[in-house]
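Scroll down for the structure; my scribbles are underneath it.
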Amino acid sequence: MAFALVGAIGVGSQWLAWRLRMPAIVLMLAAGLLIGPVFELFDPDRDIGPLVKPMISIAVAIILFEGGLTLNVRSLRDVGRGVGRLVFIGAPLGWLLSTLALRYGAGLSWESSAVFGGIMIVTGPTVIAPLLRTARLSRRPAALLQWEAIVNDPLGALAAVLAFEVVLVLRTATAVGSAVWELAVGIAVALVLGIAGALIVAWGFRKGRVPEFMKVPVLFALLLAVFAVSDTMLHESGLLAVTVMGIGIANADLASYAELRRFKEHATILLVSGVFILLAAAIEFETLAGLDWRAVVFVLAVVLVVRPLTVYLSLMGAGVPWREQLLVALTGPRGVVLVAVAGLFGERLAALGVPDGDKIAPLAFVLVAVTVVVHGFTLAPFARSLRLSGATVPGVLLIGGSRWTRGLAEALRKVDVPVLIADPNHNNLRTARGEGLPTYSGDILSESAEHWLELVSYDIVVAATENDAYNTLVATDLGPEFGRDNVYQIARQKGESARHALSNSLTGRPFGPDETHDGLERLMREGWTFRVTRLTEEYTLKEWRAKRPHAKVIARVGPQGSTEFICKDEEIRAAPGVRIVSMLPPGEEKGTDPQTGKEMAKQAAKRAATS
């Protein structure tokens, strides 16, 4: 029942956040507190027992590994210098400034401040990924935040290990040489194991030594082995090993890489949900009550001084625009790794006799709670104010530079819906460019498109080239990224034949005219045109249909600009303020139906005055 409750509450919180368009992290944190210390329905230590800490450790390792899988070196083309500075300058600088904030802000001893300051290098990959998904950041600032969070995560854990080894030498009879040797061997083993794990996976998958159905199980088993062996040699070094392994696999150019990463993303969503619920439910209000006003000073110092100063000094002269520097400087959420590692080292410091070691865990939770809530609600509007997020109105990506897609793009632009026409054939886009329509010449599935196009600005894909096979490939490849409900495809030439019919998992959703490419071009040659009609209380959908019996409805645009393509035989959800995008035959195009009820009244008055 405990496992079922954690799964239901965690995934349910993410689904509810999606429905309410709220940050998922905030809801998960609130849900964990409600079922834990507030209503006492769930206590991890009581209901699960000693498995809690190993479960959290393994979950964090898998999350970091999946984060490493997203770090392809080719994505560093225009942010490599900034990422390098955030790692090699930002990490030690953040350690120093965080230590000072803990010493003079929170009032901790130098020993606790140095250990906890090392952990605070971590900016929270478990939080950054959901926030980026919600905020729809532009590609470059998103890459800076993602790389920094994932690469600095194991570095923060190792910094804490280093500081703790120093405290251990000072408080016990442990020799300096043995402590340094243990640390060096642990880091070296972690690097070797991570690189070896990546090489084994790349060799086995590329040479066909692992069958397709066993690739994910083999990957999981090897991941757990690398993490466990490395962590045995040096505690917390397993995080470094799995991160290095993930980055190595991401850059190995494997044919099955997309499927592996997609599966890991799904697993990570489950793990992030579960871990946040576990950590929030395990919090004790009595522990938090022991904090005083210094905790507030500490949090304010971290958010308003330490983080901005670290980012600005690190990115000085890196060529990163000031808007992106400001966004990164004021975005530093902490997450699962900080709470988990801080709790562990707090217990170890307390066991060594450090008097304020037991304050580290509650301080870590307060910092995580404040930064999660603040950044969860402010990142998206802040990015929009800096013009560093996707379009406010979700756009439409049209694949194919035909006469039909040009007409549809022009109609959508009239209602302020962002559009982009992409075509692998440069000549197909010549007319569209002449008409001032946004275009992309190249394959939308290429790495160049992924790295240089702001695909986050588009929510809907319409595959409408003359090549049915290419349309199907686009729908299949982009379906998981955009959501299969948001990927549409024009009718295939041989789609009606049972021998050539394809599974729904391979094709996009049918819509509107239900015509092939040739059929759509024929309609355009015959004089069919696109029309945008606004529905009002005076001019309803029923009246519009009566005047346009042969119209082919393509899409509806809501009052807030959200676009929804109409599938064949689908009921149109019409309401005042909704705009209908349709295709009209030549005779009906010359009709008199207005776009608004007011225009209708004006035209009637003009006709009366003229007569």
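Position 1 is the first residue of the sequence, and the numbers go up from there.
Annotation: side chain of V151 is not in contact with side chain of V83 (no heavy-atom distance under 4.5 Å). The shortest distance between side-chain heavy atoms of E324 and L388 falls below 4.5 Å. Using a 4.5 Å heavy-atom threshold, the side chains of F382 and L326 count as touching. When side chains are defined from C-beta on, L327 counts as touching L137, because their heavy atoms get closer than 4.5 Å. A 4.5 Å side-chain heavy-atom check between L278 and I48 finds at least one atom pair inside the cut-off. Under the 4.5 Å side-chain criterion, counting only non-hydrogen atoms from C-beta, L102 is not in contact with V302. In this structure, L367 and M120 have side chains that are in contact, with non-hydrogen atoms separated by less than 4.5 Å. Contact of the L34 side chain with the F39 side chain is registered, since non-hydrogen atoms from C-beta on lie closer than 4.5 Å.
The line from CG of L144 to CZ of R81 is 13.0 Å long, rounded to the nearest 0.5 Å. Summarising the geometry, atom OG1 belonging to T378 is positioned 8.5 Å from atom CG belonging to L330; distances are rounded to the nearest 0.5 Å. We find the CZ-CG distance between R85 and L93 to be 12.0 Å, quoted to the nearest 0.5 Å. Taking CG from L5 and CG from L41, the interatomic distance works out to 7.5 Å, rounded to the nearest 0.5 Å. To the nearest 0.5 Å, atom CH2 of residue W15 and atom CG of residue L20 are 8.0 Å apart. Here the CG-CD1 distance, from L224 to I58, works out to 6.0 Å after rounding to the nearest 0.5 Å.
Residues L445 and D477 share a closest heavy-atom pair of CD2-OD2, 3.4 Å. In terms of heavy-atom proximity, S112 sits nearest to D356 at OG-OD1, 2.7 Å. For the pair M245 and L219, the tightest heavy-atom approach, listed with the atom from each and the gap, is CE-CD1, 4.4 Å. Counting all heavy atoms, side chain and backbone alike, I121 lies closest to A159 at CD1-CB, 3.9 Å. Smallest separation of non-hydrogen atoms from P37 and A281: CD-O, 3.7 Å. Listed here is the closest heavy atom pair of A91 and N152: CB-OD1, 4.1 Å.
Using a distance-only test at 3.5 Å, with no hydrogens or angles considered, a donor-acceptor pair links the side chain of R206 to the main chain of A252. The main-chain N or O of G508 is never found under 3.5 Å from a side-chain atom of R484 such that the two would form a donor-acceptor pair. Using a distance-only test at 3.5 Å, with no hydrogens or angles considered, a donor-acceptor pair links the side chain of S314 to the main chain of G90. Proximity of a side-chain donor or acceptor of S98 to a complementary backbone N or O of W95 within less than 3.5 Å is not detected. Between the side chain of R209 and the backbone N or O of K207, at least one donor-acceptor pair lies under 3.5 Å. No donor-acceptor pair closer than 3.5 Å links the side chain of Q325 to the backbone N or O of V311. Judged by distance alone, the side chain of R334 and the main-chain N or O of G332 form a donor-acceptor pair under 3.5 Å. Using a distance-only test at 3.5 Å, with no hydrogens or angles considered, no donor-acceptor pair links the side chain of D231 to the main chain of F227. Looking at R307, its side chain does come within 3.5 Å of a backbone N or O of V328 through a donor-acceptor pair.
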Let's go through L338 and F116 carefully: what are the C-alpha distance in whole Å and the side-chain angles of both, what is the deciding distance for side-chain contact (heavy atoms from CB on, under 4.5 Å) to 0.1 Å, and is it a yes or a no? CA-CA 9 Å; L338 179 73; F116 192 16; 3.9 Å; yes

Start with the C-alpha gap between L313 and I89, add the side-chain angles, then the distance that decides, and say whether side-chain contact (heavy atoms from CB on, under 4.5 Å) holds. CA-CA 8 Å; L313 292 177; I89 298 178; 5.8 Å; no

Step by step, work out the side-chain contact (heavy atoms from CB on, under 4.5 Å) result for V189 and L234. CA-CA 9 Å; V189 169; L234 177 67; over 6 Å; no

With side-chain contact (heavy atoms from CB on, under 4.5 Å) as the criterion, how do I247 and N251 come out once you've worked through the C-alpha distance, each side chain's angles and the decisive distance to 0.1 Å? CA-CA 6 Å; I247 296 175; N251 292 275; 3.6 Å; yes

Please step through salt bridge (Lys or Arg N to Asp or Glu O under 4.0 Å) for the pair K53 and E347, ending with a clear verdict. CA-CA 13 Å; K53 290 183 180 178; E347 293 176 0; 3.2 Å; yes

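None of L223, V210, I200 except one satisfies the side chain to side chain contact (heavy atoms under 4.5 Å, CB included) rule with V218; the exception is V210. Of the residues listed (D459, V487, I460, I444), the one engaging L397 in a side chain to side chain contact (heavy atoms under 4.5 Å, CB included) is I444, and it is the only one.
Between S230 and S237, the side chains place a donor N or O and an acceptor N or O closer than 3.5 Å (distance only, hydrogens not considered).
By the 6.0 Å contact criterion, CZ on R46 is enclosed, its count of non-hydrogen atoms from other residues, nucleotides or ligands being greater than 12. Around CZ of F88, the count of heavy atoms belonging to other residues, nucleotides or ligands within 6.0 Å does not exceed 12.
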